[in-house]
Amino acid sequence: MGCGPSKGRRQYLGNEDPVFLASQTTFSVSEVEALFELFKTISSSVIDDGLINKEEFVLALFKNRTKENLFASRIFDLFDVKHRGVIDFGDFVRSLHIFHPNTPLEDKIGFSFKLYDLDNTGFIERKGVKQMLLALLGESEMKLADEAIEMILDKTFLEADINQDGKIDMTEWQHFVSKNPSLLKIMTLPYLRDITTAFPSFVFNSEVDEDAA
Amino acid sequence: QPVAMNAFELISMSKGLNLENLFGT
């Protein structure tokens, strides 16, 4: 480890130091440190407490404080692994790890399943999917009649819900995304490959000798 | 045409699911 603690840094990192987080994820130590620069910006945008609350998360996504969004809220809840209403740096790194281009597909499929399992029942249910479609329409210019929405749901569940019990289980979801791989596109952020280039200032704040990691 | 897409293709279009925005891009 490097020399003395820099101001404010320990407060953010707690016990989750970059070497430990890198060992648990696809990220290198430098990449974890670069993510810390991003984390600092987001977590101090409303309250500078070293944690990201939902308002800060939505603000970072939309650059707009007032927007209420089902999907952003859902992603936030999944990032908030400890269910404390806030995301700490460890949660942030471990969650973004799922979105790394090198992370196994299985992990991405698992995360996307949880994302769409709105009521946490262990299934993707038709009523939840309808709720998400309505939320999408609410945030876009797109207009669809209820009959058209029901048609889309019929078609989707006919294909995805193999045993036709009205809900999609994990095995059915795996099968469905393997036939529709574009659905996993949102689960990969190519940007994460270049995170050290995006946040070069991590070098000045680094406390870790990369060779020692 | 939205009706030609499956529900999840449509849902994927939500800005709230586009985490690229977190990076300020």
Side-chain angles (χ1 to χ4, degrees), chain A residues 38 41-42 57-58 60-63 67 69-76 92 95-96 99 112 115-116 124 126 129-130 132-133 135-137 139-140 142-144 147-149 151-157 159-160 168 173 176-177 180 182-187 189-192 194-195 198-199, chain B:
Chain A
L38 171 65
T41 306
I42 300 174
F57 191 76
V58 172
L61 267 182
F62 289 96
K63 318 293 172 225
K67 217 155 206 166
N69 185 279
L70 172 71
F71 303 103
S73 176
R74 190 74 195 136
I75 295 261
F76 178 89
F92 187 68
S95 299
L96 280 180
F99 293 81
S112 64
L115 178 66
Y116 297 139
I124 299 174
R126 183 171 170 130
V129 180
K130 182 165 184 175
M132 290 187 276
L133 279 176
L136 172 79
L137 294 173
E139 73 175 71
S140 66
M142 212 186 300
K143 300 249 183 301
L144 278 181
E147 290 142 28
I149 295 172
M151 235 170 71
I152 292 166
L153 288 167
D154 284 344
K155 196 173 72 108
T156 304
F157 275 76
E159 193 189 344
I168 300 166
W173 180 245
F176 187 64
V177 293
N180 299 275
S182 67
L183 294 183
L184 288 181
K185 208 172 158 224
I186 55 160
M187 292 304 308
L189 301 170
Y191 205 80
L192 288 174
D194 306 315
I195 198 76
F199 297 94
Chain B
Q1 277 296 73
V3 282
M5 298 168 87
N6 74 51
F8 298 102
E9 284 172 312
L10 284 166
I11 290 166
S12 305
M13 292 162 66
S14 167
K15 282 184 197 143
L17 292 178
N18 187 355
L19 295 193
E20 288 282 347
N21 292 334
L22 279 182
F23 307 105
T25 51

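In what follows, chains are A, B, ... by sequence order, proteins preceding strands, each numbered from 1. Because the structure is predicted, anything quoted here is derived from the model rather than measured. Below, all heavy atoms of this structure are taken into account, side chains as well, without hydrogens, waters or symmetry copies.
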**Student:** Between Ile75(A) and chain B, with a heavy-atom cut-off of 4.5 Å, which part of the residue counts as in contact: side chain, backbone, both or neither?
**Tutor:**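 Just the side chain, heavy atoms under 4.5 Å.
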
**Student:** Side chain from CB out, backbone as N, CA, C, O: work out which of these in Phe99(A) comes under 4.5 Å of a heavy atom of chain B, or both, or neither.
**Tutor:** side chain

**Student:** Is chain B contacted by the side chain of Ile42(A), its backbone, both, or neither, given a heavy-atom distance below 4.5 Å?
**Tutor:**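 For Ile42(A), the side chain is the part near chain B, not the backbone.
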
**Student:** Tell me, for Ile168(A) versus chain B, whether the close heavy atoms (under 4.5 Å) come from the side chain, the backbone, both or neither.
**Tutor:** side chain

**Student:** At what distance, to the nearest 0.5 angstrom, does CG of Asp154(A) lie from CD1 of Ile149(A)?
**Tutor:**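 Rounded to the nearest 0.5 Å, the CG-CD1 separation comes to 12.0 Å.
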
**Student:** Identify which of Leu137(A), Asn180(A), Leu183(A) forms the greatest number of heavy-atom pairs closer than 4.5 Å to chain B.
**Tutor:**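 When all of Leu137(A), Asn180(A), Leu183(A) are compared, Leu183(A) has the most.
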
**Student:** Can you tell me if Glu159(A) and Asn6(B) form a side-chain donor-acceptor pair at under 3.5 Å?
**Tutor:** no

**Student:** So do the side chains of Lys130(A) and Leu153(A) get within less than 4.5 Å of each other, counting heavy atoms only?
**Tutor:**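 Answer yes - side chains close enough.
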
**Student:** Out of Phe71(A), Phe76(A), Phe62(A), which one pairs with Phe57(A) under the ring-ring contact (aromatic ring centres under 6.0 Å, His included) rule?
**Tutor:**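 Testing Phe57(A) for a ring-ring contact (aromatic ring centres under 6.0 Å, His included) against Phe71(A), Phe76(A), Phe62(A) leaves exactly one candidate, Phe76(A).
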
**Student:** Is the side chain of Lys15(B) donor-acceptor paired with the backbone N or O of Ala72(A) at a distance under 3.5 Å, no angle test?
**Tutor:**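 It does not hold such a pair.
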
**Student:** Which atoms of Tyr116(A) come close to chain B, meaning under 4.5 Å heavy atom to heavy atom: side chain ones, backbone ones, both, or neither?
**Tutor:**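 The answer is the side chain of Tyr116(A).
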
**Student:** Is the side chain of Ser12(B) donor-acceptor paired with the backbone N or O of Phe8(B) at a distance under 3.5 Å, no angle test?
**Tutor:**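 Yes: the side chain of Ser12(B) pairs with the backbone of Phe8(B).
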
**Student:** Let me know if Leu61(A) has heavy atoms under 4.5 Å from chain B in its side chain, its backbone, both or neither.
**Tutor:**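 Backbone plus side chain of Leu61(A), per the 4.5 Å heavy-atom cut-off to chain B.
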
**Student:** Assess the residue pair Leu10(B) and Ile152(A) against the criterion (side chain to side chain contact (heavy atoms under 4.5 Å, CB included)); give the C-alpha distance rounded to whole Å, side-chain angles, the decisive distance to 0.1 Å, and a yes or no.
**Tutor:** CA-CA 10 Å; Leu10(B) 284 166; Ile152(A) 292 166; 3.7 Å; yes

**Student:** Against chain B, label Ile124(A) side chain, backbone, both or neither, depending on which of its atoms sit under 4.5 Å from a heavy atom there.
**Tutor:** side chain

**Student:** Sort Ile195(A) into side chain, backbone, both or neither according to what part of it lies under 4.5 angstrom from a heavy atom of chain B.
**Tutor:**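 Only the side chain of Ile195(A) comes within 4.5 Å of chain B.
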
**Student:** Which bit of Ser182(A) comes within less than 4.5 Å of chain B, counting heavy atoms only: side chain, backbone, both or neither?
**Tutor:** side chain

**Student:** Which answer fits Leu192(A), side chain, backbone, both or neither, if we ask what part of it has an atom under 4.5 Å from a heavy atom of chain B?
**Tutor:** side chain

**Student:** Mind checking the CG-CE spacing from Asn18(B) to Met13(B)? Nearest 0.5 Å is all I need.
**Tutor:**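 Rounded to the nearest 0.5 Å, the CG-CE separation comes out at 11.5 Å.
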
